[in-house]
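What follows is one structure encoded as structure tokens, with my remarks underneath.
Below, chain A is the first sequence line, B the second, and so on; all start at residue 1.
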Protein chains: 2
Amino acid sequence: MKMSVSLGMETEKITYIEESGLLFEKLGLTRMAGRVFGYLIVSEEDQASFDQIRKVLQASKGSISGTMKQLLNAGMVEAVSLPGDRKTYYRPSKIKIGDILKYRMKQFDDFARILSRGEELKSKKDDVSEWLIEASTFYLWIGEQLDEIIDKWESEKTKIIEEYRQNHEERIES
Amino acid sequence: MKMSVSLGMETEKITYIEESGLLFEKLGLTRMAGRVFGYLIVSEEDQASFDQIRKVLQASKGSISGTMKQLLNAGMVEAVSLPGDRKTYYRPSKIKIGDILKYRMKQFDDFARILSRGEELKSKKDDVSEWLIEASTFYLWIGEQLDEIIDKWESEKTKIIEEYRQNHEERIES
DNA sequence: TTTTTAGTTCATTTTATTTTGAACTTTATG
DNA sequence: CATAAAGTTCAAAATAAAATGAACTAAAAA
């Protein structure tokens, strides 16, 4: 196995970056996007330059260029420019976490729509029709519920995070 | 564009089947799986035989064989066998719709885990670390919330579906 | 038992996706 | 203005994923 990350980075972080690549691939994004995101996460610097990313991940400029666009477009990464410096720097964006989920839930809208259209196309109404109606309604409904929950998160997150932190510590102590 | 479905099926349904294929592809499954599922949905028969599916979708036996395994494995399709008939028939399974969502939410667990591990790997605690903790907690929390919501759906779905049905009719009347 | 039908397996081919690399654009700097 | 650095673009190469088709297995029927 060729290790594609190096330049004085700890083995653990190199492994992490590759795992992030594989996860992104599983989520339908590209492996390189996952590597870049992983690198930006575990890098100790506040931001990394295009060329730094390219060198660490040992990829071509073209590949990094396309990947940065993907990540910017998905809102996962932010570009930073500095006066007196023509380079572009990148850092993980502090995107509202609920927005990632909302974005992903759009997939369910599509799924709901295809189920509902399928039901309309059937001339015979049977128990599959029933199921189709039920399933597409479910996705409409769950979308609304999720919006409410995400609002709840935004307003109560400090408290919730604190609760989770305590739970975690309790487990370690016992 | 080669139309890969035919055999006396309405154009609308053929289009539907192809769109279902494209959607499944977008969801990370295969196009063929989407076609088969779409076909089973809009077919007027209760179930379709292996060979019927193969003929309608004009695909090879190997392709259908692999695809049926995928769909069975994902729980989207059920196999039916009949006494005195050596064929296998397939129909869309009346899978609990919440289960599809729960299955998909596993992706978020993975995402939460990678964010949390990234945070642990950083020696410097900065605002990215803060964000990582927040984001991974969010996914833990949302998983629990969603389980509750899905339970609520299961117990109240008849009522909810009725409400949505009325809303839909009102819109048509006005 | 032999034949036939139904489906599986898997090496090969086809198709789609990702990466590279070189030429090009843009913008800062001497 | 000329030069250089930083990125972008895109055709071609590399890689990965999916479909085919032919040989194979299992199980019912003759």
Side-chain angles (χ1 to χ4, degrees), chain A residues 1-5 17-18 20-39 47-74 77-91, chain B residues 1-5 17-18 20-39 47-74 77-91:
Chain A
M1 180 176 47
K2 187 193 160 203
M3 264 296 152
S4 45
V5 188
I17 288 167
E18 290 304 317
S20 177
L22 293 174
L23 175 63
F24 270 54
E25 208 166 38
K26 222 172 69 176
L27 300 177
L29 303 164
T30 64
R31 189 179 294 192
M32 192 61 81
R35 288 201 188 106
V36 171
F37 190 72
Y39 169 58
Q47 69 276 306
S49 72
F50 184 99
D51 205 53
Q52 195 177 344
I53 296 169
R54 191 187 64 68
K55 279 189 182 138
V56 172
L57 303 183
Q58 296 185 136
S60 66
K61 288 203 286 179
S63 178
I64 297 299
S65 177
T67 300
M68 295 326 294
K69 269 193 194 149
Q70 279 184 69
L71 288 171
L72 288 169
N73 194 46
V77 152
E78 287 172 354
V80 186
S81 57
L82 301 169
D85 187 341
R86 78 182 82 170
K87 292 200 195 93
T88 309
Y89 296 85
Y90 299 93
R91 63 180 178 211
Chain B
M1 179 175 47
K2 187 194 160 205
M3 264 297 151
S4 45
V5 188
I17 288 166
E18 290 304 318
S20 177
L22 293 174
L23 175 63
F24 269 54
E25 209 167 38
K26 224 173 67 176
L27 299 179
L29 303 165
T30 65
R31 189 179 295 191
M32 191 62 81
R35 288 202 188 104
V36 171
F37 189 71
Y39 169 59
Q47 70 275 309
S49 72
F50 184 98
D51 205 53
Q52 195 177 343
I53 296 170
R54 191 187 65 67
K55 278 190 184 137
V56 171
L57 304 182
Q58 297 186 133
S60 66
K61 287 204 286 178
S63 176
I64 297 299
S65 176
T67 299
M68 295 327 292
K69 267 192 198 152
Q70 278 184 73
L71 288 170
L72 288 169
N73 194 47
V77 153
E78 287 171 354
V80 186
S81 57
L82 301 170
D85 187 341
R86 77 181 85 171
K87 292 200 194 93
T88 309
Y89 296 86
Y90 299 94
R91 63 179 179 212

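Counted by atom type alone, B:Thr30 and B:Gln70 present one or more donor-acceptor pairs between their side chains at under 3.5 Å.
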Scoring nucleotides 24-30 of chain D by protein non-hydrogen atoms under 4.0 Å (B base, S sugar-phosphate only, - none) yields ---BBS-
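Put simply, CG on B:Leu29 is 14 Å from P on D:dA17, counting in whole angstrom units. In this structure, A:Arg54 atom CZ and D:dT8 atom P are separated by 13 Å, rounded to whole Å. Distance B:Leu57 CG to D:dA18 P: 17 Å, rounded to the nearest Å. Straight-line distance from the CD atom of B:Gln58 to the C1' atom of D:dT20: 14 Å, rounded to whole Å. Per the geometry, CD1 belonging to B:Ile64 stands 10 Å off C1' belonging to D:dA19, to the nearest Å. Spacing between atom CD of A:Glu25 and atom C1' of D:dA16 amounts to 9 Å, rounded to whole angstrom units.
Considering CG of A:Leu82 and CD of A:Gln47, their distance stands at 6.5 Å, rounded to 0.5 Å. In this structure, the separation between CG on A:Leu23 and CD on A:Glu18 is 13.0 Å, given to the nearest 0.5 Å. Note: A:Met68 CE to A:Phe50 CZ = 8.5 Å, rounded to the nearest 0.5 Å. How far CD of B:Glu78 is from CG of B:Leu72: 9.0 Å, rounded to the nearest 0.5 Å.
Within 4.0 Å (heavy atoms only), A:Ser65 reaches at least one base atom of the nucleic acid. At a threshold of 4.0 angstrom between heavy atoms, the contacts of B:Met68 with the nucleic acid are absent. Nucleic acid contact class of A:Thr30 (heavy atoms, under 4.0 Å, all strands): sugar-phosphate only. Within 4.0 Å of B:Ser49, counting heavy atoms only, lies no atom of the nucleic acid at all.
Nearest heavy atom pair, residue A:Thr67 against residue A:Ala33, reads CG2-CA, 3.4 Å. Here the closest heavy-atom approach between residue A:Leu71 and residue A:Phe37 is recorded as CD1-N, 4.3 Å. Contact between A:Ile17 and A:Leu57 at its shortest, heavy atoms only, is CG2-CD2, 4.0 Å.
For the pair A:Thr88 and A:Ser63, nearest-nucleotide mapping onto DNA chain D gives the more 5' position to A:Thr88. Looking at which nucleotide of DNA chain C each of A:Gly62 and B:Tyr89 is closest to, the 5′-most match is held by B:Tyr89.
The side chain to side chain donor-acceptor pair (under 3.5 Å) contacts involving residues 80-89 of chain B comprise B:Asp85-B:Tyr89, where partners must be two or more places apart or lie in separate chains.
Taking every nucleotide of DNA chain C with any atom under 4.0 Å from a non-hydrogen atom of chain A, the first and last of them, 5' to 3', are C:dT18 to C:dT29.
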